[in-house]
Amino acid sequence: MGIANDLSSFTATVIRLGRGLYPRITAADRQGPAEPLDLYDFEGCPYCRKVREVLSELDLDYISYPVARGSARRVELRKRGGKVQVPYLVDPNTGEAMYESEDIVVYLNRTYGGSRPAGWSVPIPGLVDDLVSAAASAARLGAGTRCRTSQRHDLRPLELYNMEGSPYCRKVRETLTELDLVHLVHNVPKGSPKRRELERRGGKVMVPYLIDPNRGEEMYESDDIVSYLRKHYGTPTHEDSPTRRAATRKGKVSGTKGRAGLR
């Protein structure tokens, strides 16, 4: 299953021709922004992908507020923007807020792209771009489209060093979406000066790299990160069901050893 998962994630990267792996402009080539941008999105959304690719190619950090199907945060999105639609970008540096992926891409390039806007190297029609992005989502068979746990309000945002086009980062972002976890994304496309910060922090330049300020944990390796997130922030499995817990208590009373676990 792990190999099949990796292959389908690689397929999504190939379909998008590696968008989000290389910067058009880096944080060293411009001033600001002072604060990370806010993005309401979910990983499996083809329109959100187009925005995230540009954010990576412009070497911009952002806070992701997942609003996958079933997320209680969709109420917050409606209050903030007026409707439940993604992507929704809020730029605290300029006071701008907007829906529509095409409008967001134009805004990001105009505000932060300078003379090197992000995007395809050759112009392609918007409809074709949408279809290609939808095909990348289809390759992942719905991963990162549905919230699978209850929203928690007692957590500080996790941090993720990321490249949008990385197949390994994709698996982690899908899990963060499905667990409805707010996270600060540090985009570090190839050539980003922020890679030096990653090396100082973790000891090497490799993504994904997760920082969990709630538990004081930091780690590389996508599969390890996914397992960690599911264990500590996921929903109980059948091993932790009421029936299992009752059997565990009974076993303890009779002297046998029982255990319950989380995914």
Side-chain angles (χ1 to χ4, degrees), residues 1-14 16 18-23 26-27 36-37 39 41-45 48-49 51-66 68 136-137 139-140 143-145 148-149 155-234 263:
M1 185 64 182
I3 295 177
N5 192 21
D6 287 346
L7 284 175
S8 67
S9 193
F10 269 102
T11 299
T13 294
V14 171
R16 292 300 285 174
R19 286 287 308 276
L21 291 177
Y22 295 92
T26 71
L37 284 64
L39 181 66
D41 78 323
F42 61 91
E43 177 62 30
C45 167
C48 299
R49 176 180 294 105
V51 171
R52 293 194 309 266
E53 287 170 348
V54 169
L55 286 166
S56 186
E57 291 168 354
L58 296 181
D59 205 15
L60 290 168
D61 292 352
Y62 66 95
I63 301 175
S64 175
Y65 295 90
S137 292
R140 294 300 288 158
T145 61
R148 304 183 185 279
T149 189
L155 298 175
R156 288 184 288 169
L158 281 67
E159 298 182 44
L160 178 67
Y161 283 84
N162 169 78
M163 281 193 303
E164 177 60 30
S166 163
Y168 303 109
C169 293
R170 179 176 295 110
K171 297 193 300 180
V172 173
R173 295 194 309 265
E174 288 167 349
T175 303
L176 288 165
T177 291
E178 291 172 354
L179 299 181
D180 213 29
L181 293 169
V182 176
H183 51 287
L184 170 61
V185 176
H186 300 285
N187 275 321
V188 285
K190 297 177 181 181
S192 169
K194 290 181 290 181
R195 289 189 156 215
R196 292 190 293 272
E197 173 189 328
L198 170 59
E199 185 173 20
R200 287 195 298 269
R201 179 119 199 188
K204 56 185 174 181
V205 178
M206 185 173 77
V207 290
Y209 183 67
L210 182 80
I211 301 169
D212 184 353
N214 303 285
R215 302 181 60 85
E217 297 286 347
E218 303 187 14
M219 67 190 72
Y220 292 100
E221 299 295 345
S222 59
D223 288 341
D224 292 343
I225 294 172
V226 168
S227 295
Y228 169 84
L229 291 172
R230 288 176 175 171
K231 176 181 179 182
H232 294 291
Y233 299 110
R263 266 191 307 127

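Note that the numbering runs from 1 along the sequence shown for the chain.
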For the backbone of Gly144 and the side chain of Thr177, can you confirm whether one donor and one acceptor N or O come within less than 3.5 Å of each other? no
Salt bridge check, Asp212 against Arg156: does any charged N sit closer than 4.0 Å to a carboxylate O? no
With Val207 as partner, the option from Asn162, Val172, Leu160, Val188 fulfilling side-chain contact (heavy atoms from CB on, under 4.5 Å) is Val188
Please list, chain by chain and in numerical order, all residues satisfying side-chain hydrogen bond (donor to acceptor under 3.5 Å, both in side chains) with Asp41, sequence neighbours excluded. Arg52, Ser64
Out of curiosity, Lys190 NZ to Ser166 OG, how far, rounded to the nearest 0.5 Å? 9.0 Å
For Arg201, salt bridge (charged side-chain N to carboxylate O under 4.0 Å, His left out) partners two or more places apart: Glu218
Regarding Glu53 and Arg16, does a basic nitrogen lie under 4.0 Å from an acidic carboxylate oxygen? yes
For the backbone of Leu60 and the side chain of Asn187, can you confirm whether one donor and one acceptor N or O come within less than 3.5 Å of each other? yes
How long is the straight-line distance from CZ of Phe42 back to CZ of Arg49, given to the nearest 0.5 Å? 10.5 Å
Strictly distance-based, threshold 3.5 Å: is any side-chain N or O of Ser192 a donor or acceptor partner for the main-chain N or O of Asp59? no
Can you say whether the rings of Tyr209 and Tyr220 are parallel (under 30°), tilted (30 to 60°) or perpendicular (over 60°)? tilted
Results of side-chain hydrogen bond (donor to acceptor under 3.5 Å, both in side chains) for Tyr161 - residues two or more places apart only: Glu197
Pairing donors with acceptors under 3.5 angstrom, does anything connect the side chains of Glu159 and His183? no
Does the side chain of Leu210 come within less than 4.5 Å of Leu229's, by heavy atoms? yes
Within this structure, what is the CZ-CD distance for the pair Arg19 and Glu57, rounded to the nearest 0.5 Å? 4.0 Å
What residues, two or more places apart in sequence or in another chain, satisfy salt bridge (charged side-chain N to carboxylate O under 4.0 Å, His left out) together with Arg140? Glu174
Could you tell me whether Arg148 and Asp180 have a side-chain N and a carboxylate O separated by less than 4.0 Å? no
Could you tell me which residues satisfy ring pair (Phe, Tyr, Trp, His ring centres under 6.0 Å) with Tyr65, sequence neighbours excluded, listed by chain and number? Tyr40
With sequence neighbours excluded, what pairs up with Thr26 under the side-chain hydrogen bond (donor to acceptor under 3.5 Å, both in side chains) test? Asp29
Thr13 side chain to Gly165 backbone, donor-acceptor under 3.5 Å: yes
